[in-house]
**Student:** 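Let me begin by handing over the structure; questions about it come next.
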Amino acid sequence: MANTDNISVQKDDYGYNLSWTAYDNDGSARNITGKTITLKVWNPNIPGTLLVEGECTVDVAASGTYHYSVQDGDFDTVGSYLYDTESTSSGVVESINSGWITVRESG
């Protein structure tokens, strides 16, 4: 079961991290040792086309913490987008965090 988080970012900003914690159904931190975590972002009107797809860095596997380092060009269009972080290991793919990313105009 995926946890739901909504995130707001500034258009064209990059070089910072988006961070998450994976949780089990009982609310305890999920151990993600040996897992590959991937961030996927898409326009809800065009679900087959990913705007961002990149590997996350596991910070503390036993505590379920990980992050994605935002790259230049990742969030260059104002709007609201769906995202999902997926855990992959031994051929099993599982959503662990999902929600909306809102890209706001820079001031």
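Keep in mind it's a predicted model, so treat the numbers as computed, not measured. Counting begins at 1 with the first residue of the sequence.
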**Student:** So Tyr83 and Trp20, would you call those rings parallel, tilted or perpendicular, with 30° and 60° as cut-offs?
**Tutor:**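 The arrangement is tilted - the two ring planes meet at 30° to 60°.
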**Student:** Would you find more than 12 non-hydrogen atoms of other residues, nucleotides or ligands less than 6.0 Å from Tyr16 atom OH?
**Tutor:**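 Yes - once you tally the heavy atoms of other residues, nucleotides and ligands closer than 6.0 Å, there are more than 12.
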**Student:** Please round to the nearest 0.5 Å and tell me the distance separating atom NZ of Lys40 and atom OG of Ser95.
**Tutor:**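 With rounding to 0.5 Å, NZ (Lys40) is 8.5 Å from OG (Ser95).
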**Student:** So Thr49 and Asn43, do their side chains get closer than 4.5 Å, heavy atoms only?
**Tutor:**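 Sidechains of Thr49 and Asn43: no contact.
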**Student:** Using the rule that Ile, Leu, Val, Met, Phe, Trp and Tyr join whenever any side-chain heavy atoms are under 4.5 Å apart, tell me whether Val70 and Val9 fall into a single cluster.
**Tutor:**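 Same cluster: Val70 reaches Val9 through Ile, Leu, Val, Met, Phe, Trp or Tyr contacts under 4.5 Å.
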**Student:** Grab the two heavy atoms, one from Ser69 and one from Asp74, that are nearest each other, plus how far apart they are.
**Tutor:**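 Reported closest heavy-atom pair: O-OD2, 4.4 Å.
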**Student:** Please report the closest heavy-atom contact between Ser63 and Ala29, naming both atoms and the distance.
**Tutor:**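 That closest heavy-atom pairing would be O-CB, 3.3 Å.
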**Student:** Hey, does the side chain of Asp24 reach the backbone of Asp26 with a donor-acceptor pair shorter than 3.5 angstrom?
**Tutor:**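 No; zero donor-acceptor contacts below 3.5 Å.
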**Student:** Are Trp100 and Leu39 linked, directly or through intermediate hydrophobic residues, by side-chain heavy-atom contacts shorter than 4.5 Å (ILVMFWY only)?
**Tutor:**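 They do not share one cluster, since no chain of ILVMFWY contacts under 4.5 Å joins Leu39 to Trp100.
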**Student:** With distance as the sole criterion, is a donor-acceptor pair present between the side chains of Tyr68 and Thr85 under 3.5 Å?
**Tutor:**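 No, no side-chain donor-acceptor contact under 3.5 Å.
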**Student:** If you compare all heavy atoms of Ser89 against all heavy atoms of Gly34, which two are closest, and at what distance to 0.1 Å?
**Tutor:**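 For Ser89 versus Gly34, the nearest heavy atoms are OG-O, 3.8 Å.
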**Student:** Would you compute the distance between atom OG1 of Thr88 and atom CD1 of Ile37 and round it to the nearest 0.5 angstrom?
**Tutor:**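 Between Thr88 OG1 and Ile37 CD1, I get 7.5 Å after rounding to 0.5 Å.
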**Student:** So, applying side-chain contact (heavy atoms from CB on, under 4.5 Å) with Ile32, which one of Val60, Asp59, Val58 is it?
**Tutor:**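 Looking at Val60, Asp59, Val58, the match for Ile32 under the side-chain contact (heavy atoms from CB on, under 4.5 Å) is Val58.
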**Student:** Same cluster or not: are Val78 and Tyr81 linked, directly or through other Ile, Leu, Val, Met, Phe, Trp or Tyr residues, by side-chain heavy atoms under 4.5 angstrom apart?
**Tutor:**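 Cluster IDs for Val78 and Tyr81 differ.
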**Student:** Can you give me the closest heavy-atom contact between Ile96 and Arg30, atom names plus distance?
**Tutor:**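 Shortest heavy-atom contact: CG2-NH1, 3.1 Å.
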**Student:** In Å and rounded to the nearest 0.5 Å, what is the CD to CD distance from Glu94 to Glu86?
**Tutor:**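 Reported value, rounded in 0.5 Å steps: 10.0 Å.
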**Student:** Is the shortest heavy-atom distance from the side chain of Phe75 to the side chain of Ile7 under 4.5 Å?
**Tutor:**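 No; the side chains remain at least 4.5 Å from each other.
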**Student:** Rounded to the nearest 0.5 Å, how far apart are CG of Leu82 and CG of Asn45?
**Tutor:**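 The distance works out to 9.5 Å.
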**Student:** Closest approach of Pro44 and Ser80, non-hydrogen atoms and distance?
**Tutor:**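 Looking at all heavy atoms of both residues, the closest pair is CD-O, 3.5 Å.
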**Student:** Considering non-hydrogen atoms only, spot the tightest contact between Glu105 and Gln10 and give its length.
**Tutor:**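 Nearest pair, atom of Glu105 first, then Gln10: O-NE2, 3.3 Å.
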**Student:** Which value, rounded to the nearest 0.5 Å, describes the distance between Asp13 atom CG and Asp76 atom CG?
**Tutor:**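 These two atoms lie 11.5 Å from each other.
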**Student:** Determine whether the side chains of Ser19 and Asn17 contain a donor N or O and an acceptor N or O closer than 3.5 Å.
**Tutor:**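 Asn17 and Ser19 do not have a side-chain donor-acceptor pair below 3.5 Å.
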